[in-house]
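Please read the structure below before turning to the comments.
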Amino acid sequence: MKKRLSVFGLGKLGCTMLACFASKGWKVIGMDINNKFVELVNNGKSPIYEPGVDELIENYKQNILATTDVNEAITNSDVSFVIVPTPSTNDGSFSTDYVDAVAAEIGSILRTKNEYHLIIITSTVLPGDMQQIKDLLERTSGKKCSEDFGLCYNPDFIALGSVVRDFLNPDMILIGESDKKAGDILEKIHRNLINNQPNIHRMNFYNAELTKIALNSYCTLKITFANTLAEICENMPGGNVDHVTDALGDDSRIGRKYLKGGLSYGGPCFPRDNRAFAKSAEKFGCETPLAVRTDQINDYHRNERIPKKLLDFMKSKQTDQISILGLTYKVGTQLVEESAAISIINALTKKGIKVKVYDPAGMDEAKQELNDLENITFSDSATECLSGTKVCLISTPWNEFKNISADDFVKLMDTEPIIVDGWKLYSFDDNSKLTYVQIGQES
Ligand SMILES: NC(=O)c1ccc[n+]([C@@H]2O[C@H](COP(=O)([O-])OP(=O)(O)OC[C@H]3O[C@@H](n4cnc5c(N)ncnc54)[C@H](O)[C@@H]3O)[C@@H](O)[C@H]2O)c1
């Protein structure tokens, strides 16, 4: 018989997990303190924007119940996933306040529950945090971990925009376990859930916590290395970063993923995880100059290198205005947090540049993020954004931008506009009147 599952936190990750479990036949009870989220889920709707989640919740609503009541969630399940926020603190590490609050409530309910319960922390935590969560659960429940209840750390390695696919087809599964029984139950849940057969790595809490945070830190290193190659290529006769990274990526010691020269990394995970990796190492008396320097170099790319390039182009066109298409940190999300575009806009407006912006999904978030800045015009469409400008930056590779032709650019913009493309979306023929500049190519 399948275990009954509960999911604490119905946000971007938790809601997707709930939907995926329900789609594979589990009865899942979702718990969130946000009444609106609970109501939406109970009405068969997703409270978050993530491709595929709405359909899963609608199609499998008979397997889903949402509640704001912790007691209801715990007494009606055998296994609980906790996926609440772990926001960054000022010193770069993560706060476990939300996880602690959930753990304390779960603990107090376990006090009177006679059956074994497995608690799984999926929120990203740092080395040492699981030990504290275990102590907290033992204190509040009056029970013993590994005997009366089990505890696992089971972070996800998903990317926003493809969470459903990533969750059901993981490259690997990471389990930090209090004991073998807890790990066995969780491994079985995953084997019954996923569509592929990846390695499942089981280990103690500390090693799992380090693995999770090291992975994103390593990705930032790779991205930044590719961006450094992009800068060299831009300044080297005939330089083309794609030629270099395509070849490098074919070497199995290196691999192709996250090795594309472009603007900079951003979003809610990479920058903060890299900072947290460095902070975690300090706790054990170790230094991580690679991680620290990676962040500094990333800041250089987004705050200096790209803005300088754009300023030079604007100067050549004698304009103090630019259009920027794409504000989210990647496609398939509404999030603009630490996106390349936001940093570039900040840098340019500081120099008095007027910026027109448009994004198919991230306008509301961008309006909040850029609220304090003068000289920003928020456009309702790509055409409105381009209109009347002489220089344009493509900063997120949304599909709708791919359909803009060379003629469209020329018609809407200047007779000889400059298009700076961070994503190599176009292959205009040489006869077009525009100047097409690809990031990472000598221009
Ligand atoms: N979103 C991602 O791409 C991603 C990827 C990997 C890891 N993570 C990690 O997963 C965790 C959650 O991230 P997210 O993006 O889903 O966050 P989110 O902010 O989208 O959602 C968190 C949810 O938790 C709820 N919540 C807060 N306190 C609660 C409580 N006491 N009881 C029940 N629910 C509560 C909130 O109302 C919210 O709905 C974080 O630790 C994050 O680092 C996220």
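What you see is a predicted model, and the numbers here were worked out from it, not measured in a lab. Both ligands and their constituent atoms are indexed starting at 1 by order of listing.
- Residue Phe37 approaches ligand 1 through these ligand atoms, each under 4.0 Å from one of its heavy atoms: 39 (O).
- The aromatic ring centroids of Phe270 and Tyr329 lie 6.0 Å or more from each other.
- The atoms of ligand 1 that sit less than 4.0 Å from any heavy atom of Thr86 are 40 (C), 41 (O), 43 (O).
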Taking distance alone, no hydrogens or angles, what donor-acceptor pairs closer than 3.5 Å link side-chain atoms of residues 361-381 to residues at least two apart or in another chain?
unit_1: Ser381; atom_1: OG; unit_2: Thr383; atom_2: OG1; d: 3.1
unit_1: Ser381; atom_1: OG; unit_2: Glu384; atom_2: N; d: 3.0

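- Distance check for atom 3 (O) of ligand 1: a protein heavy atom is found below 4.0 Å.
- With salt bridges taken as basic N to acidic carboxylate O contacts below 4.0 Å, one links Asp246 and Arg256.
- For the ring-ring contact (aromatic ring centres under 6.0 Å, His included) condition, no pair includes a residue of residues 46-68, sequence neighbours left out.
- The residue Ala101 has no part lying near ligand 1, judged by heavy-atom distances below 4.0 Å.
- For Arg272, every heavy-atom contact with ligand 1 shorter than 4.0 Å involves the side chain, none the backbone.
- By heavy-atom distance, the residue among Pro85, Gly11, Gly30, Ala73 lying nearest atom 19 (O) of ligand 1 is Pro85.
- Heavy-atom proximity to Val102, at under 4.0 Å, picks out these atoms of ligand 1: 30 (C), 31 (N), 32 (N).
- Residue Tyr98 approaches ligand 1 through these ligand atoms, each under 4.0 Å from one of its heavy atoms: 27 (C), 28 (N).
- With no hydrogens or angles considered, no side-chain donor-acceptor pair links Thr211 and His201 at under 3.5 Å.
- For Tyr258 and Phe225, the distance between ring centers is not under 6.0 angstrom.
- In this structure, the protein non-hydrogen atom closest to atom 8 (N) of ligand 1 is Leu13 CD2, 3.6 Å.
- With no hydrogens or angles considered, no side-chain donor-acceptor pair links Glu50 and Thr16 at under 3.5 Å.
- Closest to atom 28 (N) of ligand 1 by heavy atom, among Asn216, Thr96, Ile158, Ile33, is Ile33.
- Looking only at heavy atoms of the protein, atom 38 (C) of ligand 1 is closest to Asp32 OD2, 3.5 Å.
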